[in-house]
A.B. asks: 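Below: one structure in structure tokens.
Values below: all heavy atoms of this structure, side chains included; hydrogens, waters and symmetry mates excluded. Numbering of ligands and ligand atoms starts at 1, following listing order. These numbers were taken from a predicted model, which means no experiment stands behind them.
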Amino acid sequence: MIMTSDEALRQLLDGHQRYLRSQPLHQHQEAGWRVTLAFSQHPFALILGCGDSRVPPEIIFDQGLGDLFVIRTAGHVPDTAVFGSIEYGLEELNIPLVMVMGHERCGAVQAAVKAMDTGKGSPGYLGDIIAAIMPAVAQVKDQPGDMIDNAVRANVTLVLRKLQAHVPVLAARIQTDQVKIVGARHDLDTGEIELLG
Ligand SMILES: [Zn+2]
């Protein structure tokens, strides 16, 4: 199944509308489909999202087995394993759509805002996650409005830029219109996905 980037985005958003209406199809979850996929996969979208238990992409977009290539880390912070996973998704699976999905009240972003306020980081690897989000927090600290939500949005934009800077095949395929990259914010209250420019 070869899709264009626009068709892939449409498929994702159609599934999201079904989820919002509480009319999910739960397609591609039956045994027969599993057998069909056993020796090959053709996911149409790659989603880098947060590990938060409330934002699983397969549920939010009403997709099933073989549909989405999902990478999740706290605050959707990318490291070299994430860059390599994206290379795999593009070079081996020819995925036409990459989405970075942040969400309202992200705990990782909240921790980064707190670290900025108190001047204290976190011990262990959590400190690395906070350090990675910190530039997004610094960018919005003087902006009006909800600082955490502003930082959630800035963190999506920051990661979009990082992926393009660190994954050459992604930048090249965006350039040639083979791949579209989009940012998104998931609203925990309404369940809605807002695409970020
Ligand atoms: Zn989160």
A.B. asks: How about M134 and M116: do any of their side-chain heavy atoms sit closer than 4.5 Å?
C.D. replies: yes
A.B. asks: Closer than 3.5 angstrom, by distance alone: can the side chain of H16 be matched with the main-chain N or O of I193 as a donor-acceptor pair?
C.D. replies: yes
A.B. asks: Around the Zn ion (ligand 1), how many protein N/O/S atoms fall inside 2.8 Å?
C.D. replies: 3
A.B. asks: Regarding R10 and D14, does a basic nitrogen lie under 4.0 Å from an acidic carboxylate oxygen?
C.D. replies: yes
A.B. asks: Can N94 and R173 be counted as having a side-chain donor-acceptor contact under 3.5 angstrom?
C.D. replies: yes
A.B. asks: When you measure from the side chain of D67 to the backbone of G64, do you find a donor-acceptor pair of N or O atoms at a distance under 3.5 Å?
C.D. replies: yes
A.B. asks: Please determine whether a side-chain nitrogen of the Lys or Arg among D52 and R72 lies less than 4.0 Å from a carboxylate oxygen of the Asp or Glu.
C.D. replies: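 No, D52 and R72 are not salt-bridged.
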